[in-house]
Amino acid sequence: MEKLQALRGMVDLLPEQTALWQRIEKTAQSHFKRGAVNEIRTPLLEATELFSRGIGEATDVVGKEMYSFLDRGQRNCTLRPEGTASVVRACIQHGLLSQGSQKFWYSGPMFRYERPQAGRQRQFHQIGVEFLGFDDPRSDIETIALAWDLLQDLGLKKINLELNSLGDLEDRILFRKSLVNWLSERVDLLDEDSKDRLNKNPLRILDSKNPKTQLLLKEAPTLNEALSSKSKERFDVVQAGLNQMGIPFQLNPCLVRGLDYYSHTAFEITSNELGAQATICGGGRYDGLVEQLGGPSSSGVGWALGMERLALLISTIKPTSENERAKFYVVSRGKKAETNALTIARNLRLKKHIVEIDLTRAAFSKQLKRADKSGAKWAIIIGDSEAEQRKMILKDMRCSNAEISKEELITEEILLNRFA
RNA sequence: GCGGGCGUCGCCAAGUGGUUAAGGCAGCGGCUUGUGGCGCCGCUAUUCGGGGGUUCGAAUCCCCUCGCUCGCCCCA
C-alpha cells in the first residue's frame, strides 16, 4: 500500500512548531497595532491575469513558478504567489483609495512551484505590509522601521538591512540602455544565465551570483550614477531617516529584486545563518502598480517577510511557557466517576481555567503519572467512592514528593469557589 | 528543470552477503487490583522506502523507481 503523505513542498506544522509561529504572529500583530496598520484578508485564489499583469510576464515567479489551473467554469486561476498584487486589487475593487491613503498588513500562505530546499517550500507563509497612496519618502522609512523593530523584538540580533534605489521608470530605461550597451561589448565574459537575461531582463544580471560576472560588474555602469537628481534626493531622504533612527544599513547597488513592480527604494533584510536562502524580509516601493492593475495613479510601498525563514532563526526559543500548561489534570475511574469528571472539567473551563482530562481508563497510577508529566499544578481525582458522595480529591501536584503532597476531599462547589 | 547526499519501528540509531534485524527515547502493561518524578520486569519491525535482478542465502551487491534533503536557478 502506497504511503499517504503531504505533497512535495507542503509542510505540516506540528504543535511544537505552532507555538513558535503563534509567538511570531502575536509579536507582529502587536507592532501593527501600535503602528495603526489594519489587517486585510484577501483570497488565496485569484485570476491568473492579476499576477501576470502585476508581477510581470518576464519574471520567474510568473514564468515558471505559479500554481495555475482552469476551474470548472474554465476560468484561469492561480494560487497567489505573493501578497501585494491581491491587496492592490482589493483596494481598487472596493474603491478604498478614494477614501484616502491606506496602511495594511496581511498574513497567510503563498504558493510557488519550485524545488524545495532549506528555507523554501512550495506552500510558504508571509507576513506583509502595504502602504498605499503614500508618496512621501518618509513612508519608506516608516515601513522599513516597522520591519526592523519587529525583527528586533523577536530577538534577531544578527541581521543586515541592505538598501538600494532603483529610481523611477525613466531612470531605469536610461540605465538599462547603458548597461546593455556596456555588457553587449563583453558578452563573452558573461555566464550563460546572464547572457540569457541580457535580452529579457538585463537589470537582473546585477545580482548574479556568478563570481566572474560579479567581478565584471565592478567596472560596469551603476544604477546609482543613472539616477536623476530628483531620485537621488529622494534616496538621500530615506537614508538620512534611517540614520537618524539608528537603524544600520548597507548600500547594495546590485540589489534589484525579481518582481517588475519595484521602483525607487528596494531593500532586503538578510541573515547569514540561513543557508542559501538568506533573505527573511524583502520589499520596496511600487509606484506604478496600482495604475497598472487598472486603478488610479497611486503610489505604494511595502514588504513581506518569510515565516518559515523567521521560524528557522528563532527555533531555539523554548516553545511552551508556564501559563500555557494545564492548571488542572482530571483523573477518574468508574462509570459514574468518569461522567462526573467530564462535567467538572467543563465547569472549570467555563471559569477560564486550563483543564486537561484523562480519557484512558487506565490505572490511577498511570493517570497520575501523566498528570505529573503534563506539568499541571493540581490533580483532581474521582473514583467510585468519591462519585457516590458527589465529591472529589484535590491533590497538590506542585510538591515533588508524592507521599507528603497535600490532598483533600471536597465538593465541586468548594473547588469552584476556591479557584474563582 | 539541473547537480550532490540520504532512505532500517513514532523519533534517534547499530548492522556493509549467512538468519533471532542490536540499543536508546517515546508508548503500552506490570511490580503498586485506587494515587505522581527514581528503579526493576515485560511488550511493541515475519522486516530494512517500493519493484526487479545476482546468489544456496541480501537490509547489506546491481538496475529501475519513489521519496526526503542540500545546492543551482529564483525568491520570503
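In the text below, chain A, chain B and the rest are named by the order of the sequence lines, each starting its count at 1.
- Nucleic acid contact for A:Ile381: base, since at least one base atom lies under 4.0 Å from a heavy atom of the residue.
- At the phosphate of B:G1, neither OP1 nor OP2 sits under 4.0 Å from any side-chain N or O atom of A:Arg115.
- In this model, the phosphate group of B:C72 is approached by a side-chain N or O of A:Gln117 to a distance below 4.0 Å at OP1 or OP2.
- The base-pairing partner of B:A59, taking Watson-Crick or G-U wobble contacts with both distances under 3.5 Å, does not exist among the strands shown.
- B:C68 is paired with B:G5 under the criterion used here, namely a Watson-Crick or G-U wobble arrangement in which both key atom distances are under 3.5 Å.
- Contact annotation for A:Ala371: no contact, since no heavy-atom pair falls under 4.0 Å across all strands.
- Residue A:Arg333 is in sugar-phosphate contact alone, with no base atom involved, counting any heavy-atom pair closer than 4.0 Å across all strands shown.
- Nucleic acid contact class of A:Arg204 (heavy atoms, under 4.0 Å, all strands): sugar-phosphate only.
- Residue A:Gln367 is classed as having no contact, given no heavy-atom separation below 4.0 Å to the nucleic acid.
- Among the protein residues, A:Ile393 comes within range of the nucleic acid bases, having at least one heavy atom under 4.0 Å from a base atom.
- Listed nucleotides: B:G71, B:A76, B:C73. Nearest to the side chain of A:Asp60: B:C73.
- In this structure, of B:G71, B:A76, B:G67, it is B:G67 that holds the atom nearest to the side chain of A:Gln5.
- Taking only distance into account, the side chain of A:Ser365 never meets the base of B:G34 through a donor-acceptor pair shorter than 3.5 Å.
- The environment of NZ in A:Lys157 is crowded: more than 12 heavy-atom neighbours from other residues, nucleotides or ligands sit within 6.0 Å.
- In this structure, B:G42 forms a base pair with B:C28, meeting either the Watson-Crick or the G-U wobble geometry with both donor-acceptor distances under 3.5 Å.
- Of the listed nucleotides (B:C72, B:A76, B:G34), B:A76 has the atom at the smallest distance from the side chain of A:Glu114.
- Geometric assessment of A:Arg122 against the ring of A:Tyr113 yields a positive cation-pi assignment under the 6.0 Å and 45° thresholds.
- There is no side-chain donor-acceptor pair under 3.5 Å between A:Thr27 and A:Asp153.
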Restricting to nitrogen or oxygen on both sides, can you table the protein-nucleotides 10-13 of chain B pairs closer than 3.5 Å?
none

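- Across all strands, A:Glu403 comes closer than 4.0 Å to no nucleic acid atom at all (heavy-atom distances).
- When heavy atoms are screened at a 4.0 angstrom cut-off, A:Gly275 is found touching the sugar-phosphate backbone but no base atom.
- Considering only side-chain atoms of A:Lys395, the nucleotide from B:G29, B:G36, B:C72 that sits closest is B:G36.
- Applying the salt bridge (charged side-chain N to carboxylate O under 4.0 Å, His left out) test to A:Arg172 and every residue at least two apart in sequence or in another chain returns nothing.
- No side-chain donor from either of A:Thr222 and A:Asn224 sits under 3.5 Å from a side-chain acceptor of the other.
- A:Glu407 comes within 4.0 angstrom of a nucleotide base, judged by non-hydrogen atoms across all strands.
- Looking at heavy-atom distances under 4.0 Å, A:Ser385 makes contact with a base.
- When heavy atoms are screened at a 4.0 angstrom cut-off, A:Arg120 is found touching base atoms of the nucleic acid.
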